[in-house]
Amino acid sequence: MVRLGFPKQKRLLKARDFQRVFDRSSAKASSRVMLLIAAPNGLNQPRIGFIIAKKQVRLAVQRNRIKRVIRETFRSFDSGDFSYDVILLARKGVDQQSSRKIRIEFENLWQKLMLRTKGNKN
RNA sequence: CGAGUUGGCUGGGCAGUCGCCUUACCACUUACUUUUACUCUAAUCGGCGAUCACUGCAAUCGGCUUUUGCAGUGAUCGCUCAUCAUGCGCCGUAAAUGCGACAGGAUAAGGACUAUUAGCAAGGAUGAUUGGGUAAAGGUAAGUGGUACGGAGGAAAGUCCGGGCUCCAUAGGACAGAGUGCCAGGUAACCCCUGGGGGGCGCGAGCCUACGGAAAGUGCAGCAGAAAGUAUACCGCCGAUCGAUCAUAAGGGGCUACCCCUUUGGUAGGAGGUAAGGGUGAAAUGGUGCGGUAAGAGCGCACCGCACGGGUGGCAACAUUCCGUGGCAAGGUAAACCCCGCUCGGAGCAAGACCAAAUAGGAAUCCAUUGGCGUGGUCCGCGCCGGAUUCGGGUAGGUUGCUUGAGGUAUGUGGUGACGCAUACCCUAGAUGAAUGACUGUCCACGACAGAACCCGGCUUAUAGGCCAACUCGAAAU
RNA sequence: GCGCCCGUAGCUCAAUCGGAUAGAGCAUCGGCCUUCUAAGCCGAGGGUUGCAGGUUCGAUUCCUGCCGGGCGCG
């Protein structure tokens with residue numbers, strides 16, 4: 001049974017964590033409106049952090065919406081022992097897309113990312 | 001019914017599943033800590049003792065050697081060391097005490113015994129500090145799981161004003177600077193609000209209004225126009241008064257087909273008069289009429305307007321169909337400089353406070369007590385005493401501030417109103433990479449603008465709609 | 001959380017302490033030149049001066065409020 005909670009252990013909180021992911025990034029997946037960067041974290045679960053700049057998404061309501069949608073999607077994943085830290089970078093125009101579209105796009109990118117990290121291992 | 005004005009309220013509802021944050025409670029785990037019990041004995045400082053070595057002194061009239069004693073230094077070993085006290089007769093051990101009963105039995109009575117007792121007092125190598133382990137109980141923190149309550153806005157936004165709060169002096173004086181500007185009131189305060197006045201717009205309900213001073217001074221006004229701030233005069237009008245000229249109508253005179261003088265009328269002109277008319281401009285020094293004049297003109301008069309003084313009404317701004325005076329100026333611009341009145345100390349929750357951690361508080365240069373820093377534009381004042389710059393190095397983790405407040409709701413009451421007062425009840429986000437979402441079903445008007453970050457009062461801006469109240473205009477009907 | 005600056009032609013910039021038609025270079029278009037192109041020469045078009053109000057006779061300029069962009073301090 002997969003637990004669907006979203007506690008703080010599954011988030012990136014400190015500036016240090018973010019810096020580490022940028023320094024040791026091993027896989028990327030991107031689309032027109034967002035970019036995922038992943039780095040191994042040595043835990044038995046993935047963690048996620050958001051970088052949604054005010055410059056890219058002006059309104060606070062939209063920034064909150066994107067975070068909520070993606071957190072919700074991330075929460076519902078059966079990630080298994082995918083032990084990577086992932087950073088989501090928002091690009092311009094995300095706020096123009098509907099929540100459903102963002103959700104689908106993020107799911108696709110996540111699948112891509114999992115494939116790529118496996119490829120790296122081999 | 002249509003069109004409109006003003007003010008106020010609301011800002012999708014319901015059900016289910018999963019998830020996030022705060023708080024409270026319960027259970028478990030981990031860490032820390034306190035107390036108690038048991039247990040182990042490590043370190044530092046100090047002290048004591050023994051042995052050995054060295055040095056000095058004495059025992060001895062002197063020297064040497066030896067011995068003994070004392071003192072000092074050093075080394076080694078040991079004790080202090082395992083607990084809320086133990087232990088100290090003698091022996092032993094390297095090492096440590098004095099006093100001392102009552103009652104009682106026995107006895108004639110007492111001693112002895114009881115008794116190294118009880119008790120008292122002093123001393124000390126026995127001192128001071130830091131520890132480890134196990135168990136139990138309690139507390140704190142973190143995490144996990146569970147239950148329950150609560151969980152963004154009317155603008156949370158822009159950061160345009162005003163305050164609270166915190167630190168710097170208790171926020172003080174002067175200048176500079178900034179803001180503000182009809183009057184009265186409300187308020188903690190305001191560039192806010194309410195009521196009133198003046199001006200402008202609208203048929204109206206209503207709306208807008210930086211609305212002090214131009215007689216303190218300085219500046220500015222292109223083009224056009226004669227002239228743009230000083231009063232002047234371009235085209236005009238007049239030319240009474242001046243001479244020239246024409247006519248000769250009237251009168252007079254003379255040398256009588258002509259001439260002269262005066263008057264009258266005309267023409268051109270000049271000195272001059274004038275500001276009615278024309279034209280320019282955003283703006284040209286009251287308007288209309290009559291009189292008047294050479295033509296005109298506030299030159300005079302009437303009415304209107306204006307200014308000043310007084311009265312009256314109003315707290316005041318101001319108003320005035322009241323009275324009087326003045327023929328009538330002193331143009332505009334102060335969101336140009338400026339003057340006047342009033343207001344304003346600076347910084348901001350990354351304020352500030354506490355805990356923990358870290359460090360060597362380093363090097364160079366410059367300035368220096370008429371100085372530097374706090375302190376901000378300057379000076380004074382106040383407080384503190386080295387300061388500034390560069391280079392190098394270290395730390396930038398947590399708690400608090402943090403939500404009970406100029407708070408809300410209801411009722412009553414004072415006031416035209418903003419708002420005030422009284423009583424009762426209520427507690428309503430507090431995150432910190434930042435919490436309200438997702439999915440499903442269903443209903444309808446098919447859901448706009450938009451997310452708290454120390455807190456309030458306003459302003460401004462954005463906003464799908466829906467609801468309520470008051471009022472205005474128009475139409476129809478009664 | 002504070003503080004400051006800038007928005008003018010497609011682009012880069014001017015415009016005197018408010019004065020009339022908002023100008024220059026590059027770019028665009030047309031013509032000349034050249035066999036053709038480039039360069040050069042001549043000419044033309046292109047502006048709601050970020051938006052909305054206000055002050056003023058008159059606003060790119062002054063004031064107020066919005067919108068957008070940039071910079072600095074902690």
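All values below were derived from every heavy atom in this structure, side-chain atoms included, with hydrogens, water molecules and symmetry-related copies excluded. Naming: A, B, ... by sequence-line order, numbering from 1 per chain.
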Counter-base of B:C454, judged by Watson-Crick or G-U geometry with both distances under 3.5 Å: B:G164
Any strand: nucleotide that pairs with B:C308 via Watson-Crick or wobble, under 3.5 Å: B:G324
N-glycosidic conformation, B:G62 - syn within 90 degrees of 0, else anti: anti
Reference residue A:L88; test side-chain contact (heavy atoms from CB on, under 4.5 Å); the match among A:L36, A:I51, A:V94: A:L36
Nucleotide B:A438, atom P - distance to CZ of A:F74 in whole Å: 19 Å
Value rounded to 0.5 Å, distance of CZ in A:F74 from CZ in A:F106: 7.0 Å
Atom-to-atom span, CZ of A:R103 to C1' of B:U440 - whole angstrom: 13 Å
B:G46 pairs with, by Watson-Crick or G-U criteria that keep both distances under 3.5 Å: B:U80
Nearest-angstrom distance, C1' atom, B:U218 to B:C175: 24 Å
Which residue lies more 5' along RNA chain B, comparing A:G49 with A:R100 via nearest heavy atoms: A:G49
Under 3.5 Å: donor-acceptor pair, side chain of A:R91, backbone of A:L35: no
Using a cut-off of under 3.5 Å, enumerate the N/O to N/O pairs linking the protein to nucleotides 449-454 of chain B.
residue : atom : partner : partner atom : Å
B:G451  : OP2  : A:A60   : N            : 3.4
B:G451  : OP2  : A:V61   : N            : 3.4
B:G451  : N7   : A:N64   : ND2          : 3.1
B:G451  : O6   : A:R68   : NH1          : 2.8

C1' gap between B:G199 and B:A410, integer Å: 46 Å
Pairing partner (Watson-Crick or G-U wobble, both distances under 3.5 angstrom) of B:U55: B:A71
4.5 Å side-chain heavy-atom contact, A:S31 and A:L109: yes
Euclidean distance, A:Q96 CD relative to A:I102 CD1, rounded to 0.5 Å: 10.0 Å
In B:U428, glycosidic geometry as syn within 90° of 0 or anti otherwise: syn
Rounded C1' spacing from B:A282 to B:G326 in Å: 32 Å
Integer angstrom distance from the C1' of B:U166 to that of C:A59: 47 Å
N or O in side chain of A:R71 less than 4.0 angstrom from B:A434 OP1/OP2: yes
Partner nucleotide, any strand, of B:C9 [Watson-Crick/G-U, under 3.5 Å]: B:G466
Base paired to B:G420 (Watson-Crick or G-U; both N/O distances under 3.5 angstrom): B:U413
Helical stems, RNA chain C - three or more consecutive Watson-Crick or G-U wobble pairs below 3.5 Å: C:1-7 with C:67-73, C:10-13 with C:23-26, C:28-32 with C:40-44, C:50-54 with C:62-66
Nearest-Å distance for atom pair CD1/P, residues A:I70 and B:C439: 14 Å
A:F50 CZ to A:I48 CD1 distance, which is reported to the nearest 0.5 Å: 4.5 Å
Along RNA chain B (nearest heavy atom to each residue), the more 5'-positioned of A:I52 and A:V69: A:I52
Atom P, compared across B:C18 and B:G145: separation rounded to whole Å: 15 Å
hbond_proxy A:E72 side chain to B:G437 base (donor-acceptor, 3.5 Å cutoff): yes
Anti/syn call for B:U293, syn if |chi| within 90°: anti
Inter-nucleotide C1' distance (B:A171, B:C449), Å rounded: 45 Å
Atom-pair distance (CD1 on A:I51; P on B:A434), nearest Å: 12 Å
Distance, rounded to the nearest Å, where A:K67 contributes NZ and B:U436 contributes C1': 14 Å
Distance, nearest 0.5 Å, that separates NZ of A:K28 from CD1 of A:I87: 11.0 Å
Pairing partner (Watson-Crick or G-U wobble, both distances under 3.5 angstrom) of B:C384: B:G372
Bending between helix ends of the helix from B:U23-B:A148 to B:C40-B:G131 [5 pairs per end, 10° resolution]: 20°
Minimum heavy-atom distance between A:V86 and A:A38, given as atom pair plus value: CG2-CB, 4.1 Å
In B:A152, glycosidic geometry as syn within 90° of 0 or anti otherwise: syn
Salt bridge (Lys or Arg N to Asp or Glu O under 4.0 Å) contacts in which one or both residues fall within residues 104-115 of chain A, not counting sequence neighbours: A:R103-A:E107
Between B:C402 and B:U389 - P atom distance, rounded Å: 35 Å
Nearest-Å distance once atom C1' is located in both B:G265 and B:G277: 28 Å
For B:A157, the Watson-Crick or wobble partner whose two distances fall under 3.5 Å: B:U460
Side chains of residues 62-70 of chain A: which donor-acceptor partners sit under 3.5 Å, not counting sequence neighbours?
residue : atom : partner : partner atom : Å
A:Q62   : OE1  : A:R65   : NE           : 3.3
A:Q62   : OE1  : A:R65   : NH2          : 3.3
A:R63   : NH1  : A:V57   : O            : 3.0
A:R63   : NH1  : A:R58   : O            : 3.1
A:R65   : NH1  : A:Q97   : O            : 3.4
A:R65   : NH2  : A:Q97   : O            : 3.0

